[in-house]
There are 4 protein chains.
Amino acid sequence: MARNVIKDQQQRELRRNQILSAAASVFTVRGVAVAKISDIATEAGLSYGHVYNFFESKEKILLALVQSSQERYTELLLEARGGSGTSLDKLRWLIEQYLQKGRTSTHFWVVLQAQATEVLNPEEKAEINQKAQANRDLLADIIRDGQAEGTIVEGDAVELATLLLSLFQSTSIWGYRGFGEPSGHAVDIMLRLVVKK
Amino acid sequence: MARNVIKDQQQRELRRNQILSAAASVFTVRGVAVAKISDIATEAGLSYGHVYNFFESKEKILLALVQSSQERYTELLLEARGGSGTSLDKLRWLIEQYLQKGRTSTHFWVVLQAQATEVLNPEEKAEINQKAQANRDLLADIIRDGQAEGTIVEGDAVELATLLLSLFQSTSIWGYRGFGEPSGHAVDIMLRLVVKK
Amino acid sequence: MARNVIKDQQQRELRRNQILSAAASVFTVRGVAVAKISDIATEAGLSYGHVYNFFESKEKILLALVQSSQERYTELLLEARGGSGTSLDKLRWLIEQYLQKGRTSTHFWVVLQAQATEVLNPEEKAEINQKAQANRDLLADIIRDGQAEGTIVEGDAVELATLLLSLFQSTSIWGYRGFGEPSGHAVDIMLRLVVKK
Amino acid sequence: MARNVIKDQQQRELRRNQILSAAASVFTVRGVAVAKISDIATEAGLSYGHVYNFFESKEKILLALVQSSQERYTELLLEARGGSGTSLDKLRWLIEQYLQKGRTSTHFWVVLQAQATEVLNPEEKAEINQKAQANRDLLADIIRDGQAEGTIVEGDAVELATLLLSLFQSTSIWGYRGFGEPSGHAVDIMLRLVVKK
DNA sequence: AATGAATGAGAATTCATTCAT
DNA sequence: TATGAATGAATTCTCATTCAT
């Protein structure tokens, strides 16, 4: 007979998320360009053919993944900016959240591959870079606030933001480079970059 | 006759370097896993079949490239360590050299792909990671000297070194991420990470 | 109850015809081998899964379609043969009916694909060819009658029939070949093939 | 050492023709949409991968084949038009050549599939149809000459041409339809279509 | 040394068909 | 009856690698 449309919808949503989260894992561990659709399907626990009922290509999966990751990062930034305490407190909170695995389940590492590699076409890359710049600008806002309140050192807020994000993002991939994991002090050290002595 | 042997040897060396340098460029721009042997051959100005007279596979090219890049970085570190001035001066010089394009012609970005991706086999990756750690330790040495001479902040020298290198290495790929290029002040800001107030 | 059974039967018949008629359209426009089951289902206004409640495969749809088309053509031939007037009149009527879209809604073009392509298996193709020959023979009968009555030229009736049907059938696909549609005179011209001067 | 460029060129040409001629055969026997690249490669006696060094897809092979077939048909038409004798003689010669297998090795049947099916994209189909119309117009020229010289019946030369070509082209595929082969008289019968009584 | 023709393993993708609901 | 999620066989296509010249 007729199907349960609501349930179908939920099931679809569930499957889509399964695929994205499997892709996040596979892309992270194996590398985006090396990952096979069948790896993702296996990781997600469904057949490779079914993946194509949700995404028309590996490229589109990557795109969806990166965009969702960037959106979650935007939310984190907005939450940080809107939080209480000094700008330094906000930055500390932000970095701690960022480094804490799971909070941003898709990794900087995957976004980086999408940005710096020819896996995506130029238009898609441009879109991602634009969003990355927008996020950087949000970070610069927090820094500008800190400069106003006197907790953060003077200087070009955008450059300070770019340096700070480069630092904590690259710290998040120490594991893949054989550098172990950062200690509890690491965030304090990072903040020296911007803190006013 | 003897002369021809020598000439041949030089010619061979020249070709090999052509290929490595073409590979560096192609790997950087297109991404290691996406790059084709024929791209490299074209960039190097020779036929793709000829590449195999120098390297037995794409993988071996990457390996040779990364190793040579790491060696050049080692030399840079040794040169910095052996230089005159305070440890801070040495670090500043090192970072400036590093960021100056051409000095480290093969990029951090390629090494990162080799480290974090499954393009190479585990043994090869382990070897690269080991060398990366050794280089990090050289940087930690400089930092330790600085702590002894009082110009550098206290703390785990290895972690400080890892943070500092994360920062300047990731700064070197701003271009690929749409972040523009760092200003002349950037190095000073980076050094705040380790400088003693 | 009894009424429901009858109604169900009618409903089933209706659905089946919907599918066949959708298939005719899709096969004609897109080509038999390229057409997808889902195209047919969409055109018929039902779900692709439901198609399998009526036909066990795409092949069977094609077979049913071609057979029904051949049967309708047989009926047309019988009707023509049984009509009044000279054999020439009958031929003219036949061709006019044939060319008049809708009368033979499934097209010669689809039958031709079924005959000349490996979409169907050899047994099925043989069956279709046999029926096509039987129809040709019906046409030859009319021609033979015309020869007896003196309105049609002498000669091998089967060959004359084959030439004549080749002509009007291929005329029916001018549209797909960019040749426009035949004028009102076309039938008279075609009949020159067999008319006795 | 260096290769023999001339020989390479010849070899390439040879291979290309091997592929086209294999494709003609496979497309004709199996049907265009059903034919696999690997069928063509096997028929041509080389590996499927190598086919892609000559044609980027099955579609492009079909296109090349059809175009070459149309060109050969054009040549035939020009040769016929330029020949001696009445227009009727020219038409007879043309049809005889056409029906004689090997003269037009790629078959009308393949061209028809290319024209009437969605194997090619609309632009490619349009191009083919245009060429088909141009060829039809050449045939119409011959007919017009015949009308001027009084050997061919009055009437729209283009429609007469379209009817005549429909007839002899469709006759060329009797074999696939189980209709046997036309007799030696067939051409005379066909010509009745246009001959002035 | 140098070239590029030739091969085929492997990955992406399509779509007929099955089946739970 | 009716739907569309799910599967995987079959095919296309790419590209590293080999090898004759």
Side-chain angles (χ1 to χ4, degrees), chain A residues 1-5 7-9 11-12 14-15 33-41 44-59 61, chain B residues 4 7-8 11-12 15 33-41 45-61, chain C residues 4 7-8 11-12 15 33-41 45-61, chain D residues 1-5 7-9 11-12 14-15 33-41 44-60:
Chain A
M1 269 290 193
R3 277 144 153 276
N4 185 333
V5 177
K7 211 174 157 190
D8 269 16
Q9 201 54 44
Q11 176 77 351
R12 254 195 101 72
L14 180 70
R15 286 275 178 261
V34 172
K36 290 178 279 177
I37 287 276
S38 64
D39 294 333
I40 296 172
L46 34 77
S47 70
Y48 58 84
H50 202 20
V51 172
Y52 290 92
N53 292 327
F54 295 86
F55 297 96
E56 64 187 27
S57 66
K58 193 169 84 171
E59 184 176 309
I61 299 179
Chain B
N4 277 344
K7 215 173 159 189
D8 281 5
Q11 171 75 355
R12 226 190 130 68
R15 283 282 190 231
V34 172
K36 290 180 280 179
I37 285 279
S38 61
D39 294 332
I40 297 171
L46 37 77
S47 70
Y48 59 85
H50 202 18
V51 171
Y52 288 90
N53 291 325
F54 296 87
F55 296 95
E56 66 186 29
S57 67
K58 190 169 94 165
E59 188 173 304
K60 293 300 181 197
I61 299 178
Chain C
N4 278 344
K7 215 171 156 190
D8 281 4
Q11 171 75 357
R12 227 189 129 66
R15 283 281 191 231
V34 171
K36 290 180 278 179
I37 285 278
S38 62
D39 293 334
I40 298 171
L46 36 78
S47 71
Y48 60 84
H50 201 18
V51 172
Y52 288 90
N53 291 326
F54 297 87
F55 296 95
E56 65 187 27
S57 67
K58 190 170 93 168
E59 189 173 305
K60 294 300 182 196
I61 299 178
Chain D
M1 264 295 190
R3 280 146 150 276
N4 184 333
V5 177
K7 210 173 160 191
D8 268 16
Q9 201 53 44
Q11 174 78 349
R12 255 194 102 72
L14 180 70
R15 287 274 180 260
V34 173
K36 290 177 281 177
I37 287 276
S38 63
D39 293 334
I40 297 171
L46 35 76
S47 71
Y48 60 84
H50 201 20
V51 172
Y52 290 93
N53 291 327
F54 294 85
F55 296 96
E56 66 188 27
S57 66
K58 192 169 86 169
E59 185 174 310
K60 294 301 182 197

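Residue numbers start from 1 in every chain, and the chains themselves are labelled A, B, ... in the order their sequence lines are given, proteins ahead of strands. What you see is a predicted model, and the numbers here were worked out from it, not measured in a lab.
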_Whole-Å distance separating the NZ atom of C:Lys60 from the P atom of E:dT17_ = 11 Å
_Distance check needed: F:dT3 C1' versus A:Asp8 CG, whole Å only._
8 Å
*Search all heavy atoms of D:Tyr48 against all heavy atoms of D:Tyr52 and return the closest pair with its distance.*
O-CD1, 3.3 Å
*Taking the side chain as every heavy atom from C-beta outward, state whether C:Ile37 and C:Ile61 have any atom pair closer than 4.5 Å.*
yes
*Would you please confirm or rule out a distance under 4.0 Å between OP1 or OP2 of E:dA5 and any side-chain N or O of D:Arg12?*
yes
*Side-chain heavy-atom pair A:Gln11, A:Arg15 within 4.5 angstrom cut-off*: yes
*Tell me: CG of C:Leu46 to P of F:dG4, nearest whole Å?*
11 Å
*Nearest-Å distance for atom pair NZ/P, residues D:Lys7 and E:dA5*: 14 Å
*Between atom CZ in D:Phe54 and atom P in E:dT7, what is the gap in whole Å?*
10 Å
*Counting N and O atoms only, with roles assigned by atom type, does the side chain of C:Lys36 sit under 3.5 Å from a partner on the main chain of C:Ala41, one being a donor and the other an acceptor?*
no
Can you give me the N/O atom pairs linking the protein to nucleotides 14-16 of chain F at distances under 3.5 Å, or say none if there are none?
| residue | atom | partner | partner atom | Å |
| --- | --- | --- | --- | --- |
| F:dA16 | OP2 | B:Ile37 | N | 3.0 |

*To the nearest angstrom, how far is D:Phe55 atom CZ from F:dT12 atom C1'?*
17 Å
*Considering residues at least two apart in sequence or located in another chain, which fulfil the side chain to side chain contact (heavy atoms under 4.5 Å, CB included) criterion with A:Ser57?*
A:Glu59, A:Lys60
_First of A:Gln11 and C:Val51 reached from the 5' end of DNA chain F, by closest nucleotide_ = C:Val51
*Shortest non-hydrogen contact from D:Asn53 toward D:Arg12*: O-NH2, 3.0 Å
_Helical bend (five base pairs per end, nearest 10°) for the helix from E:dA2-F:dT21 to E:dT21-F:dA2_ = 0°
*Partners meeting ring pair (Phe, Tyr, Trp, His ring centres under 6.0 Å) with D:Phe54 (sequence neighbours left out)*: D:His50
*Check ring pair (Phe, Tyr, Trp, His ring centres under 6.0 Å) between A:Phe55 and all other residues, then give those that pass, not counting sequence neighbours.*
none
